[in-house]
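Comments concern the structure below.
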Amino acid sequence: MASSALTSKLEADVEIKASPEQFHEMFAHKPHHVHHTCYDKIQGCDLHEGEWGKVGTIVHWSYVHDGKAKKAKEVVEAVDPDKNLVTFRVIEGDLMEEYKSFVITIQVSPKSEGSGSVVHWTLEYEKLHDEIAHPETLLQFVQDVSKDIDAHLTQAS
């Protein structure tokens, strides 16, 4: 059984101007376009196996985090267009050097008042040992990526 001290979750909300559907579409069906919105952070997302937008699809991300080029191979665990939700499980790459498991969930909801949306990021992970830091800088990274994608989506419309 996993030690509760090693298993944890970080969450953050990012307010954006784009609609929930626009933002969800980028990660669910067009992750290979994300790098066009924030090339300084994400260099690419390649389809390894399956189809864009389908559960079970495997994708490779190339990104720069904390000043270092990194890679992640992820399987799409969930895609729910009704909830504008997508979940990725990291199965290979740099994160697996420090974490036994790492799951990223992105859910986008309409703002309660006015136009725009709220992107809710959830990072669920199990550290390999106590000396591993919680991925706060990665949480900040995904928030920054959200803002870059939003700027791209709202400028294009």
Side-chain angles (χ1 to χ4, degrees), residues 1-14 16 18 20-39 41-109 117-150 153:
M1 191 72 182
S3 164
S4 61
L6 297 177
T7 303
S8 198
K9 173 162 68 169
L10 290 176
E11 298 179 79
D13 288 330
V14 181
I16 62 170
E21 296 78 16
Q22 284 177 304
F23 195 91
H24 172 74
E25 178 79 5
M26 284 296 279
F27 278 99
H29 299 283
K30 298 179 181 174
H32 51 299
H33 292 195
V34 170
H35 73 277
H36 296 299
T37 71
C38 53
Y39 192 77
K41 298 172 190 75
I42 296 179
Q43 283 68 56
C45 181
D46 299 315
L47 185 65
H48 180 70
E49 187 179 299
E51 290 179 55
W52 298 118
K54 302 283 186 200
V55 170
T57 294
I58 298 173
V59 296
H60 281 250
W61 292 92
S62 300
Y63 61 102
V64 175
H65 174 236
D66 288 341
K68 295 185 181 116
K70 302 204 174 177
K71 302 256 183 217
K73 187 176 185 181
E74 301 176 348
V75 62
V76 177
E77 286 203 330
V79 178
D80 187 336
D82 295 332
K83 293 181 179 174
N84 293 304
L85 178 140
V86 63
T87 300
F88 296 95
R89 175 177 294 277
V90 180
I91 55 174
E92 285 179 23
D94 293 283
L95 285 169
M96 295 292 93
E97 293 173 12
E98 296 183 323
Y99 301 95
K100 184 176 180 180
S101 65
F102 207 99
V103 177
I104 301 162
T105 300
I106 309 155
Q107 183 166 15
V108 196
S109 306
S117 312
V118 176
V119 182
H120 185 76
W121 288 88
T122 306
L123 309 181
E124 294 178 86
Y125 52 92
E126 183 179 348
K127 301 186 293 182
L128 289 174
H129 52 78
D130 283 331
E131 288 75 42
I132 302 287
H134 291 282
E136 274 110 354
T137 60
L138 189 61
L139 187 66
Q140 185 59 55
F141 174 85
V142 298
Q143 292 174 76
D144 293 343
V145 166
S146 298
K147 293 171 189 167
D148 290 347
I149 291 171
D150 184 47
L153 289 172

Tell me whether [X] contacts the main-chain N or O of [Y] through its side chain, where contact means a donor paired with an acceptor under 3.5 Å.
X      : Y      : answer
Asn84  : Ser109 : no
Gln43  : Tyr39  : yes
Gln143 : Leu139 : yes
Ser117 : Ala18  : yes
Thr57  : Glu51  : yes

Is it true that the side chains of [X] and [Y] contain a donor and an acceptor less than 3.5 Å apart?
X      : Y      : answer
Thr137 : His65  : yes
Trp61  : Glu74  : yes
Glu131 : His129 : yes

If you look at every heavy atom in [X] and [Y], which pair is closest and at what distance?
X      : Y      : value
Ser146 : Val119 : OG-CG1, 4.1 Å
Gly53  : His29  : CA-ND1, 3.4 Å
Glu77  : Val55  : O-CG1, 3.7 Å

Legend entry - Positive for side chain to side chain contact (heavy atoms under 4.5 Å, CB included) with Leu6, one of Ile132, Asp130, Leu128: Asp130
Inset, instruction - Go through Cys38 and Phe141 one step at a time and tell me if the side chain to side chain contact (heavy atoms under 4.5 Å, CB included) criterion holds. - result: CA-CA 11 Å; Cys38 53; Phe141 174 85; over 6 Å; no
Inset, instruction - For the pair Lys41 and Asp144, find out whether any cationic side-chain nitrogen is under 4.0 Å from an anionic carboxylate oxygen. - result: no
Inset, instruction - Return the orientation label for the His36 and His33 ring planes: parallel under 30°, perpendicular over 60°, tilted otherwise. - result: perpendicular
Inset, instruction - Find the distance between OG1 (Thr37) and CG (Asp148) and round it off to the nearest 0.5 Å. - result: 6.0 Å
